[in-house]
Amino acid sequence: MCGIIGVFESKSPTCEVREKCLESSSLIRHRGPDWSGIYSDEKVVLVHERLSIVDEEGGKQPLVNAATGDVIIVNGEIYNHLELRNKLKKMHLWQTQSDCEVILYLYEEYGSACVEMLSGIFAFILYDKRTGDCFVARDHLGICPLYVGWDKQGGVWFASELKSLDATCKEIR
């Protein structure tokens with residue numbers, strides 16, 4: 001399984017949050033030894049530790065929707081991704097053969113209701129660049145774990161493993 005870490009609403013400078021995220025992701029690198037990717041701007045930092053299963057060569061994350069700027073990191077597998085590609089109404093600029101990229105375009109077309117369409121095991125963090133909102137979801141059984149924590153400055157942290165949040169967050173669920 002891959003590892004994901006995301007931080008939103010941080011009051012700390014982005015460079016500090018980015019550095020803390022990279023430190024935290026090193027604790028879960030065993031989950032994704034094939035690739036490490038990061039996205040950051042003034043509102044969000046997203047880190048992905050990848051275990052290559054589907055689209056081994058091209059499925060690196062974070063994935064970015066070229067049309068909207070939305071960004072996603074995913075841990076898991078979307079079993080019905082090929083079927084879902086056929087349900088999309090618009091033409092999309094596909095960048096990979098990854099099962100996870102379809103979530104970006106489902107979100108663009110269906111909003112948060114897209115999660116109801118997914119069959120699989122997953123936890124993801126999607127940053128809606130247009131609105132500045134985050135959409136965080138996991139499969140209904142929680143097979144892919146996802147923890148949430150809050151740091152002292154009010155930043156909201158998400159991670160695949162609890163130990164990624166221990167040093168930074170004052171409260172964790």
Side-chain angles (χ1 to χ4, degrees), residues 1-10 21 25 28 31-32 34-149 155-161 164 173:
M1 293 196 153
C2 299
I4 59 176
I5 296 175
V7 182
F8 304 94
E9 300 178 7
S10 179
C21 281
S25 73
I28 60 170
R31 295 177 69 92
D34 298 324
W35 166 260
S36 295
I38 187 167
Y39 171 88
S40 65
D41 68 14
E42 67 283 346
K43 294 187 178 197
V44 63
V45 177
L46 300 173
V47 182
H48 188 264
E49 299 295 338
R50 182 167 192 249
L51 177 62
S52 300
I53 297 174
V54 177
D55 190 8
E56 292 179 21
E57 296 299 316
K60 297 174 179 155
Q61 297 184 37
L63 295 165
V64 179
N65 181 331
T68 64
D70 295 347
V71 184
I72 193 167
I73 54 177
V74 184
N75 171 28
E77 187 175 355
I78 307 303
Y79 304 141
N80 62 337
H81 69 103
L82 295 175
E83 173 189 327
L84 292 173
R85 281 179 180 241
N86 294 326
K87 287 188 177 187
L88 293 168
K89 300 171 188 169
K90 299 179 186 177
M91 293 296 296
H92 296 280
L93 186 61
W94 294 90
Q95 302 164 56
T96 74
Q97 296 298 312
S98 166
D99 55 317
C100 299
E101 188 174 2
V102 73
I103 301 170
L104 274 174
Y105 308 126
L106 289 169
Y107 179 79
E108 179 185 347
E109 293 188 21
Y110 297 98
S112 61
C114 72
V115 77
E116 300 299 326
M117 303 168 87
L118 303 175
S119 174
I121 57 171
F122 58 87
F124 68 80
I125 303 170
L126 188 148
Y127 170 49
D128 186 324
K129 183 112 172 151
R130 298 160 293 169
T131 65
D133 292 335
C134 309
F135 178 46
V136 181
R138 67 173 187 171
D139 60 85
H140 68 285
L141 293 176
I143 293 170
C144 289
L146 191 61
Y147 296 90
V148 62
V156 182
W157 290 66
F158 294 93
S160 298
E161 289 190 26
S164 296
R173 293 189 204 152

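Keep in mind the model is a prediction, meaning the values are calculated, not measured.
- Counting only distance, with no hydrogens or angles, the side chain of Tyr79 and the backbone of Asp99 share no donor-acceptor pair below 3.5 Å.
- One distance of note links OG1 of Thr96 with CD of Gln61; it measures 8.5 Å at 0.5 Å rounding.
- Here the side chains of Val45 and Ile5 are not in contact, with every heavy-atom distance at 4.5 Å or above.
- Between His92 and Leu88, the shortest heavy-atom distance links the atoms CD2-CD1, 3.9 Å.
- Atom CD of Gln97 sits about 5.0 Å away from atom CZ of Arg85, to the nearest 0.5 Å.
- Interatomic distance, Ser112 OG to Asp133 CG, rounded to the nearest 0.5 Å: 10.5 Å.
- With sequence neighbours left out, Asp139 forms a salt bridge (charged side-chain N to carboxylate O under 4.0 Å, His left out) with no residue at all.
- Residues that satisfy the side chain to side chain donor-acceptor pair (under 3.5 Å) test with Thr68, not counting sequence neighbours, are Asn65, Asp70.
- One N or O on the side chain of Gln95 and one on the backbone of Val64 form a donor-acceptor pair closer than 3.5 Å.
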Point to revise | Trace of the side-chain contact (heavy atoms from CB on, under 4.5 Å) decision for Cys21 with Trp157 | key: CA-CA 9 Å; Cys21 281; Trp157 290 66; 3.8 Å; yes
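- With sequence neighbours left out, Lys43 forms a salt bridge (charged side-chain N to carboxylate O under 4.0 Å, His left out) with no residue at all.
- Remark: Glu109 engages no residue in a salt bridge (charged side-chain N to carboxylate O under 4.0 Å, His left out) (not counting sequence neighbours).
- When the options Ile73, Ile72, Leu63, Val136 are evaluated for a side-chain contact (heavy atoms from CB on, under 4.5 Å) with Leu126, the one that passes is Ile72.
- Between Tyr127 and Tyr39, the ring planes are tilted. Angles from 30° to 60° get that label.
- In this structure, CE in Met117 is found 11.5 Å from CD1 in Ile103, a value given to the nearest 0.5 Å.
- In this structure, Leu93 CG and Glu101 CD are separated by 8.5 Å, a value rounded to the nearest 0.5 Å.
- At least one donor-acceptor pair closer than 3.5 Å links the side chain of His48 to the backbone N or O of Val74.
- In this structure, CD in Glu49 is found 9.5 Å from CD1 in Ile38, a value given to the nearest 0.5 Å.
- For Gly69 against Val71, the heavy-atom pair with the smallest separation is O-CG2, 3.4 Å.
- Taking the six-membered ring where tryptophan is involved, the planes of Tyr107 and Phe135 are essentially parallel, since the angle between them stays under 30° and well short of 60°.
- Counting all heavy atoms, side chain and backbone alike, Ala123 lies closest to Pro145 at CB-O, 4.0 Å.
- Here the closest non-hydrogen pair linking Gly76 and Cys100 is O-SG, 4.3 Å.
- Residue pairs meeting the salt bridge (charged side-chain N to carboxylate O under 4.0 Å, His left out) criterion with at least one partner in residues 119-128, sequence neighbours excluded, are Asp128-Arg130.
- Here the closest heavy-atom approach between residue Leu46 and residue Ile125 is recorded as CD2-CG2, 3.6 Å.
- Side chain of Ser160 to backbone of Ile4: a donor-acceptor contact under 3.5 angstrom is found.
- For Lys90, the salt bridge (charged side-chain N to carboxylate O under 4.0 Å, His left out) test picks out Glu108, with sequence neighbours left out.
- For the pair Leu118 and Phe124, the minimum side-chain heavy-atom distance is below 4.5 Å.
- When every heavy atom of Asn80 is checked against every heavy atom of Ser119, the shortest pair comes out as OD1-N, 3.0 Å.
- Side-chain atoms of Tyr110 and Val115, non-hydrogen and from C-beta on, never get closer than 4.5 Å to each other.
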